[in-house]
Each structure stands twice: as C-alpha cells, then as structure tokens.
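Ligands are counted one by one from 1 in listed order, and the atoms in each one are counted from 1 as well.
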Amino acid sequence: MKEFDIIERFFAQQSHQRKDVLLGIGDDCAVTRVPEGQVLATTTDTLIEGVHFPTDTPAEAIAHKALAVSLSDLAAMGAEPAWFNLALSMPNVDENWLESFSKSLFDLSQYYSIQLIGGDTVQGPLIVTITAHGFIPQEQALQRSGAKPGDLIYVTGTLGDAGAGLAITEGTLNVSEHLQTFLVNRLNYPAPRLLAGTALRRIASSCIDISDGLAKDLMHILQQSDCGAKIAVDKLPLSVALKEAVDIDTAYRYALSAGDDYELLFTVSEERKGNLDIALANANINATCIGHITGAKQKLELSLCDETYALTKTGFEHFSA
Ligand code: ADP
Ligand code: MG
C-alpha cells in the first residue's frame, strides 16, 4: 500500500466536516478560518512507542491518547478544539492496525468537533505526532503565570489512577480484574477536560493540565507565577478504585508524582470563588480544593493532616511539625 492510498483510505474519508475548513486533506496545505474576535491556540505532542506508551498498547489506545493529550493542552488554555494535524511514522503498513487506529481517532475527534486537516505519513519507528488548534476569545487564554498568594488551588477529577494503570501494565502491581480495567483505561483513554477549560475562562487565575504529575506541573505554575503553594495531601481526590488497589501512602505518591492523569490544575482568587462554584455546578464538573498559593517563591509545601510531608524517591517521609 502506497502513502497516497493509506491517506485516502484511512485518513481522508471522515464524516466530520467543519465549515471553517476551506481546504482540508489533499492539497499542499490546509486552509482554515479563525472566527472574528478569537485567537488561535496551537499545541504539538509526540508519542513514541516504548517511551510514551508500552510496545503492546492497542492501536485504539495509541490514537485516543495521542489526540487526548493535545486536547488536554487546549483544555488547559481554555480553548475550544477546531483542527488537528497528524504526523504518523510506522515500521510497516498493517491495515488492521490502521483501521483500528483511524476509527478510534475519528471517534474522539468527532466527539469534540475537531477535524483532521492534514499531516504526513512516513516509514520508521512507531511515532505519532499531533498538532492541535483551538479558538480562545481574545484576552481569555488561561495561562500558567497568573496565580497570586491567597488563591485557592483546585484539581478536576481524581489523581493517580493512570500511575496505578502504568504499574499494572508494567507488571509491578497486581489487582483484581475490575480494578485493572478501570485503572488501565484511565492510563490509555484519558478524558480531556475541555468543558472545564472553557468554564474556567475569566475565573481561573492560572491553569495547567497534569501530564507529568501534580507536583511537577504545579511547579510550572509556581515558577511562572513566582509564588509558592501549600497542598494538603489528605485532600487529594482519589478514586475508589485506586484506594482499593494500593495502600494510602502509595495512592498519595501516585496522585502527587505519577503522570498521565490529564486532569486540570488551576487557581482561583477568593473573590472569584463564587463564580467558580456556579460555573462548576452548571457544567456538572467535579473539582476539589487541595490547597492555596503562598508568597514563598517557588516553594511547594505538603502537609498530611496538618503534619509536614515530604516527597522522596521511594514515597513520603513524615515530619512532625
Ligand atoms: P506533500 O508531499 O505535499 O507534503 P503528502 O503527499 O505528504 O503531501 O500529503 C498529501 C496530503 O495528505 C496533504 O494534504 C497532507 O496534509 C495529507 N496527509 C498526509 N499524511 C496524513 C495523515 N497521516 N493524516 C492526515 N492527512 C495526511
Ligand atoms: Mg509530505
């Protein structure tokens, strides 16, 4: 199968056609239109087999995850998805694999009204790169740099499930089948928090999506906002499945430092808290307050039931305050 035939059969035929795509797949470039009063948010992510996903990951999961991580970046900016490009490097042409991959990709893209408008197809190791574009009303992008001392810190959903899912796929964690299904699905099929992202426009003072773990991603906000944070580890939202799968210290460790959750981490000032509560309730979004921003520059302080906690390589250490 030639490159042209692969594109034609698996990627050019999509039911979803947006009106703002003037020219889609098939020419040298795609041509699109950004609505008046909106600006374009653009993000690129690459997933490499053996690095970002295990070698035996199903094609459906690879496609879903590749697009979901880009959608999560759009969500973190408060953007509404519009278009994406796909650069696909594959060792060989496996039609069954491509069929599953493209079906899963289009299932997710249709759900979020994001249209594939171009890409590149080459032979090489299995690498999936997606560049996604979305719209944000002018001046409303949610940035990492706006957090202020006193702001409350929130996360959507639950944390640590994907970390446990990874341990299961790597064979270092054994759990019952129903827990395994839930946790591995959280790793392979992350749900980008787009509704939350747009609901947070003009409410959140800063926002980031959690891809590398809460502690690391919160540090990006602290660096770019030049402030510190206090997090109550006992307030971290944990799923019932995670609490059943591992002991509580391990659950906290996954929640703080394992990656791939793709939840949103955001800050909001005391004055905007009322607006936040209304926006979350209206959009039926679960978000948990886990701490607050401090003036201690770039310092992350953790507590567990009011005792100081420290993150170490192997877990936590208790320190009596
Ligand atoms: P060119 O050589 O001009 O870059 P290509 O032959 O690589 O063009 O691609 C032809 C068309 O198919 C272009 O519109 C390109 O964007 C699109 N395309 C190529 N690969 C993919 C892919 N994996 N997914 C979506 N569109 C693709
Ligand atoms: Mg090309």
Side-chain angles (χ1 to χ4, degrees), residues 1-35 38-75 77 79-135 188-192 194 211 260 262:
M1 218 179 187
K2 292 255 170 54
E3 181 189 344
F4 176 83
D5 299 316
I6 298 171
I7 298 165
E8 193 50 37
R9 176 160 161 207
F10 296 106
F11 297 111
Q13 314 295 335
Q14 45 184 328
S15 53
H16 191 69
Q17 301 285 344
R18 289 177 59 106
K19 288 206 178 66
D20 49 20
V21 177
L22 310 181
L23 200 54
I25 293 171
D27 216 308
D28 294 311
C29 288
V31 179
T32 54
R33 181 176 283 136
V34 180
Q38 310 244 358
V39 292
L40 199 63
T42 302
T43 174
T44 297
D45 274 291
T46 295
L47 299 188
I48 303 175
E49 181 178 43
V51 179
H52 302 101
F53 57 88
T55 301
D56 50 2
T57 305
E60 292 85 354
I62 298 168
H64 181 103
K65 189 153 188 174
L67 182 56
V69 301
S70 292
L71 288 167
S72 178
D73 280 328
L74 292 180
M77 298 302 289
E80 173 199 331
W83 320 302
F84 72 106
N85 291 64
L86 166 70
L88 185 58
S89 165
M90 305 172 284
N92 50 37
V93 179
D94 176 340
E95 295 185 20
N96 288 332
W97 188 93
L98 277 161
E99 191 72 52
S100 306
F101 180 89
S102 67
K103 185 179 181 306
S104 171
L105 190 73
F106 289 134
D107 282 348
L108 187 64
S109 64
Q110 211 155 343
Y111 186 80
Y112 287 110
S113 298
I114 186 167
Q115 186 177 334
L116 180 63
I117 57 167
D120 205 9
T121 306
V122 297
Q123 192 168 21
L126 183 55
I127 301 175
V128 184
T129 300
I130 285 183
T131 296
H133 308 274
F135 305 145
N188 284 339
Y189 298 93
L194 286 151
S211 52
D260 285 326
Y262 297 102

Any side-chain heavy-atom pair of K65 and Y262 under 4.5 Å: yes

message: Measuring only between side-chain heavy atoms, which start at C-beta, is F84 closer than 4.5 Å to L74?
response: no

- prompt: Applying a 4.0 Å heavy-atom criterion (strictly less than), which segment of D27 is in contact with ligand 1: side chain, backbone, both, or neither?
  reply: backbone

- request: Using the side-chain contact (heavy atoms from CB on, under 4.5 Å) rule, take L67 and Y112 through it: C-alpha gap first, then chi angles, then the decisive distance, then the call.
  value: CA-CA 10 Å; L67 182 56; Y112 287 110; over 6 Å; no

- prompt: Going by the order shown, which atoms of ligand 1 are within less than 4.0 Å of some heavy atom of L116?
  reply: 24 (N), 25 (C)

- request: Would you please name every residue forming a salt bridge (Lys or Arg N to Asp or Glu O under 4.0 Å) with E95, sequence neighbours left out?
  value: R9

List the atom pairs, donor and acceptor, that lie under 3.5 Å between side-chain atoms in residues 39-50 and the rest of the protein, sequence neighbours left out.
unit_1	atom_1	unit_2	atom_2	d
T42	OG1	H133	ND1	3.1
T43	OG1	D73	OD2	3.0
T44	OG1	T131	OG1	2.8
T46	OG1	T129	OG1	3.0

query: Can you find a heavy atom in the side chain of F11 that is under 4.5 Å from one in the side chain of S102?
result: yes

field: L86 contact mode with ligand 1 (heavy-atom cut-off under 4.0 Å)
entry: both

task: Please identify which atoms of ligand 1 are closer than 4.0 Å to at least one heavy atom of D28.
output: 3 (O)

- request: May I ask which of F11, F4, F10 has a heavy atom nearer to atom 24 (N) of ligand 1 than the others do?
  value: F11

- request: Output the list of atoms in ligand 1 that are nearer than 4.0 Å to some heavy atom of E3, sorted by atom number.
  value: 5 (P), 6 (O), 7 (O)

- line: Filtering A87, G119, G26 for the heavy atom nearest atom 11 (C) of ligand 1 leaves G26

